[in-house]
Amino acid sequence: ADYDAQVIAYDCFIAEALFGLCYEFVRPGEILLDVGIGSGLSAAPFARAGLRVSGMDFAPAMLDLCWAKGIAGDLRQHDLSQLPWPYAPASFDHAIACGVFHFIADLEPIFGATAGVLRPGGLFAFTTKWPTAPLAPDVPFERQEAGGLAVFSHTPETVATLMTGAGFNRARQLRCFVGPELFAVWVTRKRV
């Protein structure tokens with residue numbers, strides 16, 4: 001219940017940065033899927049811009065918080081690592097995943113599932129945590145423990161390979177700090 005307040009107290013504005021990098025590519029009336037929507041913080045600016053928001057999250061309590069805000073018209077309880085996703089192919093104009101991927105080691109299935117539910121030309125914007133030090137070329141991520149949770153920092157090379165393999169082209173990238181941690185905001189487009 002305190003999630004939104006904690007994000008603000010931590011001076012985390014990565015959702016706003018993600019929206020800002022996407023703004024010129026989205027239009028009112030388009031349909032956005034928020035992968036790991038949580039309480040809806042990342043989807044809220046898109047909803048205010050006139051996009052129709054759908055979202056999925058594994059946590060019923062987070063979905064309840066999001067539903068109470070009126071951000072999304074379609075919310076589904078679903079673990080995004082469980083395939084297939086509960087959506088029809090090519091049913092969304094755009095997708096976002098903000099503050100989610102640093103809790104997942106293997107992102108390849110998620111990139112593929114996202115490509116499957118997006119229409120050609122659609123945006124896929126997401127965030128990743130940057131490794132604290134350079135990694136060997138064959139090491140895709142750094143694993144750390146934080147508050148009893150595994151946290152994964154994916155290398156930019158790994159992310160670029162996953163994007164390309166799933167049919168996305170990079171449109172924008174921004175590195176930014178959230179507290180002492182370095183994150184990347186990626187904006188990609190599904191190839192036509």
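These numbers were taken from a predicted model, which means no experiment stands behind them.
Between Thr164 and Arg191, the closest heavy-atom pair is O-NH2, 3.0 Å. Heavy atoms only, all atoms of each residue included: Met56 and Pro86 are closest at SD-CD, 4.3 Å. Closest of all the heavy-atom pairs between Arg52 and Gly29 is NE-O, 3.3 Å. Gly179 approaches Phe177 most closely through the heavy-atom pair O-CB, 3.6 Å. Considering all non-hydrogen atoms of both residues, Ala125 and Cys22 come closest at CB-SG, 3.4 Å. When all heavy atoms are compared, the tightest approach of Ala95 to Thr114 is CB-CG2, 3.8 Å.
Using a 4.5 Å heavy-atom threshold, the side chains of Ile37 and Met62 count as separate. Between His154 and Leu162 there is no side-chain heavy-atom pair separated by less than 4.5 Å. Contact of the Val35 side chain with the Trp85 side chain is registered, since non-hydrogen atoms from C-beta on lie closer than 4.5 Å. Put simply, the side chain of His102 does not reach to within 4.5 Å of the side chain of Glu181, judged on heavy atoms. Two residues are said to be in side-chain contact when any heavy atoms from C-beta on lie closer than 4.5 Å; Asp106 and Phe152 fail this criterion. Here the side chains of Cys176 and Val185 are in contact, with some heavy-atom distance below 4.5 Å. Using a 4.5 Å heavy-atom threshold, the side chains of Phe103 and Leu149 count as touching. Contact annotation: the side chain of Phe19 never approaches that of Arg48 to less than 4.5 Å [non-hydrogen atoms, C-beta and beyond].
Here the CH2 atom belonging to Trp130 is positioned 12.5 Å from the CZ atom belonging to Phe183, to the nearest 0.5 angstrom. Note that CD1 of Ile104 and OG1 of Thr128 are 12.0 Å apart. Values are rounded to the nearest 0.5 Å. We find the CD-OG1 distance between Gln173 and Thr188 to be 11.5 Å, quoted to the nearest 0.5 Å. Distance check: Leu33 CG to Ser91 OG gives 7.5 Å after rounding to the nearest 0.5 Å. Between atom CG of residue Leu18 and atom SG of residue Cys98 there is a gap of 5.0 Å, rounded to the nearest 0.5 Å. With values rounded to the nearest 0.5 angstrom, Leu41 atom CG is found 7.0 Å from Ile71 atom CD1.
With hydrogens and angles ignored, the 3.5 Å screen pairs a side-chain donor or acceptor of Asp93 with a backbone N or O of Ile31. Put simply, the side chain of Asp57 gets close to the backbone of Gly38: a donor and an acceptor are under 3.5 Å apart. When atom types are taken as modelled, the side chain of Glu142 and the backbone of Thr132 share a donor-acceptor pair closer than 3.5 angstrom. Between the side chain of Arg76 and the backbone N or O of Ser54, no donor-acceptor pair lies under 3.5 Å. Side-chain N or O atoms of Lys190 include one that pairs as donor or acceptor with a backbone N or O of Ala115 at under 3.5 Å. Here the side chain of Thr127 pairs a donor or acceptor atom with the backbone of Gly99 at under 3.5 angstrom. A donor-acceptor distance shorter than 3.5 angstrom exists from the side chain of Arg119 to the backbone of Ala90, with no hydrogens or angles considered. A side-chain donor-acceptor contact under 3.5 Å links Lys69 to the backbone of Ser39.
In this pair, Phe101 and Phe126 present their aromatic rings tilted. The plane angle is within the 30 to 60° band. In this structure, Phe124 and Phe168 have tilted ring planes: the angle between them lies in the 30° to 60° band.
Grouping the Ile, Leu, Val, Met, Phe, Trp and Tyr side chains by contacts below 4.5 angstrom, directly or via other members, places Val100 with Val159. Residues Ile110 and Phe92 fall within the same hydrophobic cluster, defined by Ile, Leu, Val, Met, Phe, Trp and Tyr side chains chained together at heavy-atom separations under 4.5 Å. With hydrophobic clusters built from ILVMFWY side chains whose heavy atoms lie under 4.5 angstrom apart, Met163 does not share a cluster with Phe141. Cluster membership for Val178 and Leu21, using ILVMFWY side-chain heavy atoms within less than 4.5 angstrom, is shared. Cluster membership for Phe111 and Val117, using ILVMFWY side-chain heavy atoms within less than 4.5 angstrom, is shared.
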Chi angles and distances behind the side chain to side chain contact (heavy atoms under 4.5 Å, CB included) call for Val187, Leu123: CA-CA 7 Å; Val187 178; Leu123 288 186; 3.8 Å; yes
Ring pair (Phe, Tyr, Trp, His ring centres under 6.0 Å) assessment of His94 paired with Phe46: CA-CA 10 Å; His94 310 292; Phe46 291 92; 8.1 Å; no
Asp34 and Ser42: CA distance, side-chain angles, deciding distance, side chain to side chain contact (heavy atoms under 4.5 Å, CB included) verdict: CA-CA 8 Å; Asp34 189 335; Ser42 300; 3.9 Å; yes
Residue pair His78, Tyr87: steps toward the side chain to side chain contact (heavy atoms under 4.5 Å, CB included) verdict: CA-CA 11 Å; His78 187 81; Tyr87 302 103; over 6 Å; no
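Environment of CD in Glu108: sparse, with no more than 12 heavy atoms of neighbouring residues, nucleotides or ligands closer than 6.0 Å.
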